[in-house]
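Here is the structure we will look at, set down as structure tokens.
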Amino acid sequence: MDHRPDVKHMRQAARLAQRGVATNQGGPFGAVVVRDGVVVGRGFNRVIGTNDPTAHAEVVAIRQACRKLRTFSLAGCELYASCEPCPMCLAAIHWARLDRVWYACDRHDAARAGFDDALFYAELDKPAPERRLPVVQAFREAGLPAFQAWIAKADRTSY
């Protein structure tokens, strides 16, 4: 895989970001997933249009690429984003096993436009008990049977 960005893919991500703004679907974010030089997934931010806070451009593009390629693993693919991925999107990118991410604008550009991910980055840097959102383990015994069944499942698909 060539390790240089392709400007045509970045321009497509940027056009998708413009489309999101023009259609009032969400913020100014666009993304494309590319495999072997071919776009296999595209998306723009659809948070407002779908009332789905997870419908960020990167997630939309990943979902489309996975459907098209009929796989949950996008190993061998790269993602072009009009802006640096937020922590949620970065986690999705890792789960999708993308090989590389190229982005145009950075988190500081997004913050100037009112999309400040600094709180999320700061929260993730804190120990769990010091975070603003309490995330507390409770009733572990209720969740264990599913994990035990998974461990015992001989034909499970690991990911």
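This structure is a prediction, so every number in the text was calculated from the model and none was measured.
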| said: Show, in sequence, the C-alpha distance, side-chain angles and deciding distance for Tyr80 and Val34, and conclude whether the side chain to side chain contact (heavy atoms under 4.5 Å, CB included) test is met. | reply: CA-CA 8 Å; Tyr80 286 78; Val34 178; 3.9 Å; yes
| What do the steps show when you test Gln25 against Asn45 for side chain to side chain contact (heavy atoms under 4.5 Å, CB included), and what is the final call? | CA-CA 7 Å; Gln25 293 287 308; Asn45 186 295; over 6 Å; no
| request: Evaluate side chain to side chain contact (heavy atoms under 4.5 Å, CB included) for Gln64 paired with Val33, printing each intermediate quantity in order. | output: CA-CA 9 Å; Gln64 187 179 89; Val33 175; over 6 Å; no
| field | Derivation and outcome, side chain to side chain contact (heavy atoms under 4.5 Å, CB included), residues Val59 and Ile62 | value | CA-CA 5 Å; Val59 173; Ile62 288 168; 5.5 Å; no
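Hydrophobic clustering, with ILVMFWY side chains joined whenever heavy atoms are under 4.5 angstrom apart, groups Met10 together with Val32. Follow the hydrophobic side-chain contacts under 4.5 Å out from Val40 and you reach Leu79 in the same cluster.
The distance from the CD atom of Glu84 to the SG atom of Cys89 is 11.0 Å, given to the nearest 0.5 Å. How far CZ of Arg97 is from OH of Tyr159: 9.0 Å, rounded to the nearest 0.5 Å. Here the CD1-CD distance, from Ile93 to Glu78, works out to 12.0 Å after rounding to the nearest 0.5 Å. A distance of 11.0 Å separates OG1 in Thr23 from CD in Gln18, rounded to the nearest 0.5 Å. Expressed to the nearest 0.5 Å, how far OG of Ser82 lies from CD of Glu58 amounts to 7.0 Å. Rounded to the nearest 0.5 Å, atoms SG (Cys77) and CG (Asp99) are 7.5 Å apart.
Across Ala17 and Gly30, no two heavy atoms sit closer than the pair CB-N, 3.5 Å.
Tested against Phe29 for a ring pair (Phe, Tyr, Trp, His ring centres under 6.0 Å), the candidates Phe44, Tyr103, Phe115 yield a single pass: Phe115.
A donor-acceptor contact shorter than 3.5 Å is absent between the side chain of Arg107 and the backbone of Asp116. The backbone N or O of Ala55 lies less than 3.5 Å from no partner atom in the side chain of Arg46, so there is not a single donor-acceptor pair. A donor-acceptor contact shorter than 3.5 Å is absent between the side chain of Asp117 and the backbone of Phe120. Looking at Asp109, its side chain does come within 3.5 Å of a backbone N or O of Asp106 through a donor-acceptor pair. Between the side chain of Arg42 and the backbone N or O of Leu16, no donor-acceptor pair lies under 3.5 Å.
With respect to the salt-bridge test (charged N to carboxylate O, under 4.0 angstrom), the residues Asp155 and Lys153 qualify.
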